[in-house]
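This report concerns only the one structure given below.
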Amino acid sequence: MLNLNDFIENSIEGIKNEIGNEKTIIALSGGVDSSVCSVLVKNAIGDNLTAIFVDNGFLREGEADEVVDIFEGRLNFKYVDAREEFLKGLRGVTDPEEKRKIIGKIFIDVFEREAEKIQAKFLVQGTIAPDWIESEGKIKSHHNLSLPGGMILEVVEPIRELYKDEVRDIGRELELSDKLINRQPFPGPGLAVRIIGEVTREKLDIVSKANHIVSEEVEKIGLDKDLWQYFAVLTDSKVTGVKGDQRDFGYLVVIRMVTSLDAMTAEVPELPWDLIKTISKKITSEVSQVAHVSLSVSDKPPSTIEFA
Ligand code: XMP
């Protein structure tokens, strides 16, 4: 079993030796891996680490504020508001793979701009064991990263040998909050991949509200502990509904809840019917653009967890 204190002490010593006095950056997403890395590296090299939080506008309701609250003051932390840039880049794009590529590219552009301002030499990444084991060791332990604008950064991966549960244990030892540590996995491209078709400000608002309702209701009855992920997807379909005595034409939202050990496979468990009905009623009454809510019952495989 991993000795947490030994790991933390050795890791801090190792990072000090590796980085020395050089400027270093990390992309802090607020997920457990990048959060643990940020605190570890800060404890080793202090303010020579700048943690950059890129707000792409695809985060869950309240998430950006939460991340700022947790880390501002605790780290040399920089919030970068890139919401407009991402939304503009995705204008007219409907293909899911193209969306992911564009989001990835804009992210790197924004990040490189910030890294240049700092003149960083090192980049900390929150790679964990399954990331490189699954890619059959293709990610080498010592490597450089060349960014498109010409910057070359030396990569440091403090939690490379750890598994997710161990990262969570280290997070607790570093006094990160339970809420942050137990957060459900959330894709890097965020809500943008939970919108089928073009990403617009209106659709982001709809999916974010629907998603918040799903989270709130699941967490209220403590079911979050049994689920790997629980969220809402906004489809591109508009269907007929009735509001008051008027016919209404609104979006179809899908609720997805799965159990899983490692996201390689996933299952839709039997779910409390009251919960599903409550979520459905809340979404259709509180999110006016939604006319219909359905429940996904497909396991992975053959479906993936995300819809796009
Ligand atoms: P799929 O949809 O492939 O997802 O069954 C498996 C797990 O990976 C998450 N996921 C992502 N995470 N960037 C990420 O960081 C992504 O682009 C991405 N796509 C999917 C997904 O939420 C699930 O937990």
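Numbering of ligands and ligand atoms starts at 1, following listing order. For reference, positions follow the sequence shown, starting with 1.
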Requested in this report: Describe, in one word, how the ring planes of F71 and F77 are oriented to each other, choosing from parallel (under 30°), tilted (30 to 60°) and perpendicular (over 60°).
Outcome: parallel
Query - Sub-4.0 Å protein heavy atom next to atom 2 (O) of ligand 1 - result: yes
**Report entry** atom 21 (C) of ligand 1 touched by protein heavy atom at under 4.0 Å
**Finding:** yes
Under 4.0 Å from any heavy atom of [X], which atoms of ligand 1 are there?
{"X": "W228", "answer": "24 (O)"}
{"X": "T304", "answer": "1 (P), 2 (O), 5 (O)"}
{"X": "P189", "answer": "13 (N), 16 (C), 17 (O)"}

Below 3.5 angstrom, do we get any N/O pair linking [X] and ligand 1?
{"X": "K300", "value": "yes"}
{"X": "I305", "value": "yes"}
{"X": "G188", "value": "yes"}

Charged N-O contact under 4.0 Å between [X] and [Y]:
{"X": "D33", "Y": "K164", "answer": "yes"}
{"X": "K277", "Y": "D274", "answer": "no"}
{"X": "D109", "Y": "K105", "answer": "yes"}
{"X": "K209", "Y": "E286", "answer": "no"}
{"X": "E114", "Y": "K117", "answer": "yes"}
{"X": "E84", "Y": "R201", "answer": "yes"}
{"X": "E217", "Y": "K220", "answer": "yes"}

Query raised in the report: Which residue supplies the protein heavy atom nearest to atom 10 (N) of ligand 1, what is that atom called, and how far is it?
Result: P187 CB, 3.9 Å
Query raised in the report: What protein heavy atom sits nearest atom 7 (C) of ligand 1, and how far off is it?
Result: A263 CB, 3.7 Å
Query raised in the report: Does ligand 1 have any atom that is closer than 4.0 Å to a heavy atom of F307?
Result: no
Report task. Select the closest option to atom 23 (C) of ligand 1 among M264, R100, Q229, R256, judged by heavy-atom distance. Result -> Q229
